[in-house]
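In what follows, a single structure is set out as structure tokens and then discussed.
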Amino acid sequence: MSAAKAVYPIQILRQTVDISALANNYAAKLLLCHQRGPSGHHIAAGIHAHMIASGFIPRGHIRNRLIDIYSKSSRLSYAEKLFDEIPEPDIVARTTMIASYSASGSPNLAKEIFEKTPLRIRDTVCYNAMIASCCHGNDGHAAVRLFNEMRRKRFEPDCFTFTSTLAALALIATREEQCKQMHCVVLKSGCGLVTSVLNALLSAYVKCAFSPFVSSSSLFASARKLFDEMPVKDKLSWTTMITGHVRNKDLDSAREVFDSMDQDLVVAWNSMISGYVQEGLVVKVFEMFRKMQSLGVKYDDFTYTNALSACADWSLILHGKQIHAYILRIEAKPPTDFMVSVTNALISLYWKCGKVHQARNIFDAACTKDLVSWNAMLSAYVSVGEIDEAKAIFDEMYEKNVLSWTVMISGLAQHGLGEEALKLFNRMKSCGLEPCDYAFSGAITSCAVLASLEQGRQLHGQLIRLGFDSSLSAGNALITMYARCGALDAAYKAFLTMPCLDSVSWNAMIAALGQHGHGAKATELYEEMLEEYILPDRITFLTVLSACSHAGLVDEGKKYFESMKEVYGITPCEDHYARLVDLLARSGRLTEAQNVIQTMPFEAGSQIWEALLSGCRLHGNMDLGVRAAEKLFDMIPKHDGTYILLANMFAAAGRWDSVATVRKFMRDRGVKKEPGCSWLEVEKKVHVFLVDDAVHPEIHQVYKYLEVFVLRLRELGYVPDTKYVLHDIVSEQKEQSLSTHSEKLAVVYGLLKLPREATIRVFKNLRICGDCHNAIKFMSKAESREIIVRDVKRFRHFKDGECSCGDYW
DNA sequence: CTAGGGTTAG
């Protein structure tokens with residue numbers, strides 16, 4: 001091999017007169033360069049330079065060799081230049097160029113050369129190159145067409161033809177007969193015993209088995225038969241068969257093949273382990289992991305990432321830490337960087353186990369980070385709600401992909417920053433990135449947060465145009481968006497038109513019905529879900545219980561609560577108990593609610609006491625109410641809701657002295673009430689109104705209308721209810737100004753600005769007050785309009801002087 | 001041929 005390294009004495013070469021000897025010399029040297037691989041490629045460029053310097057023009061096989069070497073060393077432009085200089089390229093030159101274009105990802109240029117090649121000079125190798133190029137360009141159908149063409153034209157397929165064409169079949173993966181036909185052709189040819197061809201055939205069978213158009217069992221049977229009869233099985237044969245079974249979720253068959261394996265292949269171990277990880281069989285994962293060690297099978301990066309992701313998914317921080325320690329001890333000596341993928345698996349292990357700080361340490365210590373590392377860190381901060389940190393990471397990223405944007409958009413949306421999320425979604429598009437369906441889900445959620453129905457509808461339209469309308473995540477987001485924008489019918493329609501549903505879809509729809517006060521329909525849908533064999537989870541029960549609570553279905557709710565543990569084996573958490581207490585307290589069964597609190601397996605938290613307190617306010621149980629309030633003052637002294645509920649409870653009973661005491665309390669402790677505000681969308685713009693608003697540009701028109709309107713409402717029987725004065729109190733002097741609650745202003749604005757037939761949808765950040773509730777009932781009658789109000793807890797539909805809540809608070 | 005980063009429901 002030292003010849004390739006030799007220095008070429010130019011003087012000697014120049015003296016050579018005999019051109020053919022010179023050519024032979026060059027040819028021999030280039031052959032050596034070719035055989036040496038990448039390092040030889042560099043030398044070949046030097047030889048070429050030498051040719052130019054000495055006036056030697058490369059032709060024939062020397063030129064072809066140079067083209068080949070240049071394309072393999074990613075100097076495609078040199079190869080192209082040499083090729084273009086040939087007046088009448090021979091078949092080798094053309095084939096070489098086809099292969100070059102294929103390798104550099106330009107299948108169209110390869111095709112151009114192929115098509116310009118006259119049939120009389122074509123050969124099998126040339127077809128092979130072109131078939132491979134089609135596979136490379138993901139056009140399996142074109143590859144199969146070429147294969148058929150070459151057989152029609154009586155070219156003899158060889159091993160390479162078969163492997164490429166079989167790869168094409170695996171790519172299109174639609175028809176079983178095609179695999180079987182090809183199998184016959186292979187057997188009849190001389191390649192029926194060649195392992196690489198049989199591997200390709202095996203892989204085609206297995207890939208076709210995942211196509212929705214064929215029955216996988218018969219294809220797997222054929223694949224298995226082929227596999228069992230293979231005279232020589234190599235690494236690829238074993239792993240293809242094992243991963244085939246794993247991807248078919250048939251772990252038993254996979255294991256059977258695995259156990260019959262006569263060699264120790266890390267890849268096979270990894271495939272088996274990843275199957276167990278995906279099915280959540282943690283015990284099996286660790287069993288395999290330990291067995292590898294005792295048998296002396298060396299772990300690779302895939303083994304580690306597999307095992308670590310099992311730990312992450314099951315929050316097995318102790319196991320994860322052990323593996324981490326093992327890696328540090330065995331694999332790398334800090335600060336040497338270990339495989340990036342392992343670093344990434346560690347980052348995700350720590351944050352998924354709630355240790356974001358540790359994750360950050362690993363992130364900071366890593367010498368090399370890739371996009372996955374950055375995205376993992378971004379997700380970590382989003383998951384714990386550290387939005388500022390997440391933003392910092394996002395801004396710092398030198399490279400972002402659709403996934404990065406998706407995480408950030410939905411992160412913002414989840415934390416209530418709907419406007420910012422939508423801005424980011426648009427920025428993403430203006431950066432020239434095509435949002436995927438997950439990115440859309442984030443944007444749609446933002447519309448739900450903002451209650452912006454128009455923007456939501458527009459996104460829905462875009463979704464359909466881009467062909468994402470069958471996406472599960474986007475569909476689920478749409479259900480919630482429509483429901484939270486007050487368009488329950490649209491939500492239901494989205495639910496019904498989805499091609500497939502998962503538990504999230506059902507939960508979303510049940511929640512939607514519940515929030516809109518249709519408790520009976522919500523429970524009906526829940527029963528339907530069970531009939532579809534979808535198992536309820538802890539969120540299903542949260543939504544079903546709230547639905548029952550809003551609709552006063554006390555006994556049903558209790559029944560569902562009982563079934564949770566007894567039938568479905570889900571242990572109720574604090575939120576479940578809080579909903580049970582709410583259900584009982586709201587319906588006036590306060591003693592029963594109290595019993596639940598006393599017999600619960602844990603100490604009641606603030607959610608539960610608040611549920612009890614609001615029940616007491618509703619049913620005027622002062623003693624119990626005060627006790628609940630005291631608990632809340634201990635637990636969350638700065639929370640304004642407690643003071644307001646308590647004050648309203650006293651006000652309703654006319655105990656004004658106590659009201660004053662509560663208010664003084666609040667002032668002394670420096671607790672500020674969250675100011676009430678309401679908003680609605682008019683012509684794609686969101687209009688916000690505050691209590692006693694003086695900011696909105698058209699507020700005077702609203703007041704003017706309201707003044708006359710109230711008189712008309714009084715004629716219909718509306719009596720302002722002064723006991724709700726305190727609900728929305730901001731300061732002393734506002735006490736008398738009942739008529740200026742923000743929800744009233746927003747509804748009146750809607751009456752003034754929206755078209756006659758349009759439904760008015762108003763959103764409020766706090767709970768609607770009793771007087772407004774009453775007034776809006778009259779408004780809906782006086783104007784014959786449908787008015788929908790979403791407060792912090794639920795939706796109310798006002799129509800013909802009635803509210804969908806049936807006055808059940 | 002295998003792994004590490006995403007979404008939607010309360």
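Chain letters run A, B, ... following the sequence lines, proteins first and then strands; every chain starts at 1. On a predicted model such as this, the values are computed, not experimentally measured, just so you know.
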If you look at every strand shown and take non-hydrogen atoms under 4.0 Å, does [X] touch a base, only sugar-phosphate, or nothing?
X         : result
Asp437(A) : nothing
Ser348(A) : sugar-phosphate
Lys352(A) : sugar-phosphate
Gln607(A) : nothing
Arg579(A) : sugar-phosphate
Leu308(A) : nothing
Trp405(A) : nothing
Thr445(A) : sugar-phosphate

Take the protein atom [atom1] of [X] and the nucleotide atom [atom2] of [N], then report the distance between them rounded to whole Å.
X         : N       : atom1 : atom2 : result
Arg790(A) : dG10(B) : CZ    : P     : 11 Å
Tyr438(A) : dG5(B)  : OH    : C1'   : 12 Å
Leu403(A) : dG5(B)  : CG    : P     : 10 Å
Leu412(A) : dG6(B)  : CG    : C1'   : 15 Å
Trp351(A) : dG5(B)  : CH2   : C1'   : 9 Å
Met481(A) : dT7(B)  : CE    : P     : 19 Å
Phe425(A) : dG6(B)  : CZ    : C1'   : 15 Å
Asp313(A) : dG4(B)  : CG    : C1'   : 11 Å

Looking at the side chain of [X], which of [options] is the nearest nucleotide?
X         : options                 : answer
Gln414(A) : dG4(B), dG5(B), dT8(B)  : dT8(B)
Asn401(A) : dG10(B), dG4(B), dG5(B) : dG5(B)
Val267(A) : dG10(B), dC1(B), dG6(B) : dC1(B)
Asn306(A) : dA3(B), dT8(B), dG5(B)  : dA3(B)
Ser341(A) : dG4(B), dG10(B), dG5(B) : dG4(B)
Ser441(A) : dC1(B), dT8(B), dA3(B)  : dT8(B)
Asn344(A) : dG4(B), dT7(B), dA9(B)  : dG4(B)
Ala508(A) : dA9(B), dG5(B), dG10(B) : dA9(B)
Leu371(A) : dG10(B), dG5(B), dT2(B) : dG5(B)

Given the structure, check if the side chain of [X] and the base of [N] hold any donor-acceptor pair shorter than 3.5 Å.
X         : N      : answer
Ser271(A) : dT2(B) : no
Asn507(A) : dA9(B) : yes
Asp301(A) : dG4(B) : no

| message | Any salt bridge linking Glu386(A) with Arg360(A)? Criterion: basic side-chain nitrogen under 4.0 Å from a carboxylate oxygen. | response |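 Between Arg360(A) and Glu386(A) there is no salt bridge, as every charged N stays at least 4.0 Å from the carboxylate O atoms.
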| query | Would you call Lys233(A)-Asp262(A) a salt bridge at under 4.0 Å N-O? | reply |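 No, no charged N to carboxylate O under 4.0 Å.
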Just to confirm, is there a sub-4.0 Å distance from OP1 or OP2 of [N] to any side-chain nitrogen or oxygen of [X]?
X         : N      : result
Thr406(A) : dT7(B) : no
Ser309(A) : dG4(B) : yes
Gln278(A) : dA3(B) : yes
Ser203(A) : dC1(B) : yes

| task | For residues Tyr326(A) and Tyr299(A), establish whether the separation of their ring centroids is below 6.0 Å. | result |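 Yes: the rings meet the under 6.0 Å criterion.
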| message | Taking the ring of Phe220(A) and the ring of Tyr205(A), is the distance between their centroids below 6.0 Å? | response |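 Not close enough - the centres of the two rings lie 6.0 Å or further apart.
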| task | Would you please determine if the base of dT2(B) is stacked by Phe302(A), with stacking meaning a centroid separation under 5.5 angstrom and planes under 30 degrees? | result |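 Phe302(A) vs dT2(B): stacking yes.
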| said: Would Phe258(A) and Trp269(A) count as a ring-ring contact (aromatic ring centres under 6.0 Å, His included) here? Give the steps. | reply: CA-CA 8 Å; Phe258(A) 177 84; Trp269(A) 284 86; 4.9 Å; yes
| field | Single hit among Ile347(A), Asp301(A), Asp300(A) for side chain to side chain contact (heavy atoms under 4.5 Å, CB included) with Val342(A) | value |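 Considering Ile347(A), Asp301(A), Asp300(A), a side chain to side chain contact (heavy atoms under 4.5 Å, CB included) with Val342(A) is found only for Asp301(A).
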| task | Answer yes or no: is there a side-chain heavy-atom contact under 4.5 Å between Glu420(A) and Lys391(A)? | result |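 A side-chain contact exists here, since the closest heavy-atom pair is under 4.5 Å.
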